[in-house]
Colleague: 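Let me begin by handing over the structure; questions about it come next.
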Amino acid sequence: MVDIQAGRLSAAELAENFADVHRPFDHGGAVVEANRCYFCYDAPCINACPTGIDVPGFIRAIATGNVSGAAMTILKENIFGGSCARVCPTEILCQGDCVRNGPGDRAVEIGLLQRHATDHLDADGPHPFDRVPDSGKSVAVVGAGPAGLTCAHALARNGHKVTIFEGRPKPGGLNEYGIAAYKLPDDFAQREVAFITAIGGIDIQNSKALGRDITLDQLRLDYDAVFLGLGQAGVRDLGVPGSDLEGVDSAVDYIAELRQADDLGALAVGANIVVIGGGNTAVDIAVQSKRLGANDVTLVYRRGPEQMGATQHEQDFAQTNGVRIKHWLRPLQLEGDGNVKAAVFAGVHLEGGALVDTGEEQSIPCDMVFKAVGQAFVPLAGEGPAVSGGRITVDDVGQTSLPDVWAGGDCVAGEDLTVQAVQDGKLAAGAIHRCLVGS
Amino acid sequence: MADLRSDIAGIKSPNPFWLASAPPTDKAYNVERAFKAGWGGVVWKTLGEDPPIVNTTSRYGAVSLNGQRIAGFNNIELITDRPLDVNLREIKQIKRDWPDRAVLVSLMVPCEEAPWRKILAAVEDTGADGVELNFGCPHGMSERGMGSAVGQVPEYVEMVTRWCKAMTRMPVFVKLTPNVTNILAPARAAKLGGADAVSLINTINSIVAVDLDNMAPMPTVDGKGSHGGYCGPAVKPIALHLVAEIAKDPECAGMAISGIGGIETWRDAAEFISLGADNVQVCTGAMHYGFKIVDDMIDGLNNWMDGKGHNNAADFHRAAVPNLVAWQDLNINHELVARIDQDKCIKCGLCHIACEDTAHQAISVSGNGSNRRFETIDAECVGCNLCAHVCPVEDCITMEAVDNGKPYLNWAQDPRNPNAAAAE
């Protein structure tokens, strides 16, 4: 019997399960942790951060009580310092390269310190960056995710007028629709967008999708430059029989629904869940299902733990949340009669670098299956910029094959990380500015 | 198990750890708890003439260093604010209840014979083991011509000490202020006056911080501040030096030394004893953590002594004193060079940048990221130790002696010294 229902947990339980997953430092705790930083010469953590934040610099500022200065040191390199502090996989970035990693020691909690600093800025206070006088130039930014908003903020600082076209009803991109709820609770994504746009000169037009409501050709006519921060709108399919059964859903779509839900108790979730995939989205949907009250959640990945896109930290997090992770299983088919009843997998192993079936089969009974096998950039129809490897081709400052069009974030090659999107937007804004002012 | 029993100026205690004259020794209640916790002795918080003084609020200031609370501590509290007869009654009772513990009584009265005679007689009646003349307190009482105002005038130190020695059979300790140019002046004066021991250091004149919102020196009393007495771990190096100065001075020979200043651990105590202290007194450590810290002081000192084969404190008392010499007697031919253990190195680069920016450009960097390598440039290294101090990894940078074949040579003998004695 299919068991999919809403309201598995009480409102109080849901509130606790979807509250802030990280406990922030209080002032004293932050100072103690800040003083663990060795203030390295030419610090490895700076190089490990895609946006190049002066990590020892801001940590020292926390230690000395100059917390506003610390926040500015972060924000001047990364205007999304607040959300990056919460969502960055620091264990493979700054903290992964901390010299204190090693036997008997542990990395400085750079992410939590960054959060302490950025939280310190008064959200209702004056915006900490100034705008230069209006340049008379205007730029269209497509996509109000981290790449687009970063680009818009940097352009606005330089006096350019920016219009952001966002396909969804709200700005924020994955911070609003894709990140696990407990990583950015309390409407953090919208508060951060408000903070960023408070610089002025940025007009966000929601529910205006490229290809549906606007065209690139028209934007190129109407604006002096265009930045594409399109993200990856496409969801890869499993490509196995039964994918169209009831109860089979895209993890990305379900998370978006969850993130927009006013009442998590109204969200239907299965008793037994199978998640297929090995990235952070797979972990996010698995843990969130569990926290919605699913009895049994199995995450199935076709390769081993080392190959998973989810970091070790995320895998550990899934397991401490009661998610079972199974490796070396390839989906064969989804079985059911109307609604999915079981996911069937073939055992695989590596032979000369290729996945080969072992001949074993495993069937996992379930009420819901979440597909989390990756997202893809959906190329633009018509005369768009050149694409290679499924992503928009750009040079090292984000310029596309079109002279007045730049791109960045998940729609271009590189790590699909918020912090990388920020860096892309920042570099492109610099290039666009130089182009607009003719230097 | 080493024998920790202590004897200073004829006063015996089961261990050398005493609580200094301060708030922890102001009342029988506290002293009772201290003795139960295992402290070897106390110096009762300073008694004065009635009527008792009145204290302010607040009274304490502190320096936190890198998140460590009370790295340095300061106070503007005065002597006991309780009536003399209450203190005397409690001292008598405590000494009766704890005969094996040392009970000294700190005293501060005006520089006239009559008040000293009176209070000494009253203390003698309690059965206390001795008295400590408070010539050190640098705040408040000094404005009234007592405390460090006396300790800064050797003639007064000698005069009052002599009076007290003549007025009582009890051993007399003289507590010295560090707020002097040369500690030997008051120390020698105490010796001339007949003191059985000196206790040092009392607190150092200090302002711990300024409240920048109110532009008020701290600690702050209704918007104003007053200089206080500085103590705690931060002052230990100053105290060690002053204790050693007295320990080395031939004119002070024969006078016992009770070491005070930033002592919080058995190691601190062992260092003071090795530089000439006969016992030690503690205050800030107890005020920070409670009386229980004496457990590890006793246990740790015992274990260290056992490890070194010391049967009692006499085995290492003054052991470091002969090694304290004038700068000009140091071996100028001794040569060290920094050695970086590449297996222990975590590539933080602190040694490099310290040497590069502020010393001798003697540590090179090569490679990138986790392959960075820091190495000493022997020809540039002057063996100053800076790199070893900034290195966060224990024993990663060590200073290796260079076998240069050169004999001992001090500055007086060095031909580079324009004033060197002519070579034979």
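Lettering follows sequence order; numbering is per chain, from 1.
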Colleague: Between B:C345, B:C348, B:P392, which is the residue that forms a side chain to side chain contact (heavy atoms under 4.5 Å, CB included) with A:V99?
Modeller: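 Result: among B:C345, B:C348, B:P392, B:C348 is the only option passing the side chain to side chain contact (heavy atoms under 4.5 Å, CB included) with A:V99.
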
Colleague: State which residues pass side chain to side chain donor-acceptor pair (under 3.5 Å) with B:D378; sequence neighbours excluded, sorted by chain then number.
Modeller: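 Residues passing side chain to side chain donor-acceptor pair (under 3.5 Å) with B:D378: B:R339.
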
Colleague: As an exercise, state the distance from CG of A:N47 to CG of B:N368, rounded to the nearest 0.5 Å.
Modeller: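 Between A:N47 CG and B:N368 CG, I get 8.5 Å after rounding to 0.5 Å.
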
Colleague: If you count every heavy atom of other residues, nucleotides or ligands that lies below 6.0 Å from A:E415 atom CD, does the total exceed 12?
Modeller: no

Colleague: If you check every heavy atom in residues 24-33 of chain A against those of chain B, which residues fall under 4.5 Å?
Modeller: A:V31, A:V32

Colleague: Got a sec: does the CG of B:D357 have more than 12 other heavy atoms crowding it under 6.0 Å?
Modeller: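 Correct, the count exceeds 12.
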
Colleague: Heavy atom to heavy atom, less than 4.5 Å: which residues from residues 35-46 of chain A reach chain B?
Modeller: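 Checking residues 35-46 of chain A against chain B gives A:N35, A:Y38, A:F39, A:C40, A:Y41, A:D42, A:P44.
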
Colleague: Could you list all the salt bridge (charged side-chain N to carboxylate O under 4.0 Å, His left out) pairs where at least one residue sits in residues 82-95 of chain A, not counting sequence neighbours?
Modeller: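 Checked against salt bridge (charged side-chain N to carboxylate O under 4.0 Å, His left out) - neighbours excluded - the pairs reaching residues 82-95 of chain A are A:R86-A:D119.
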
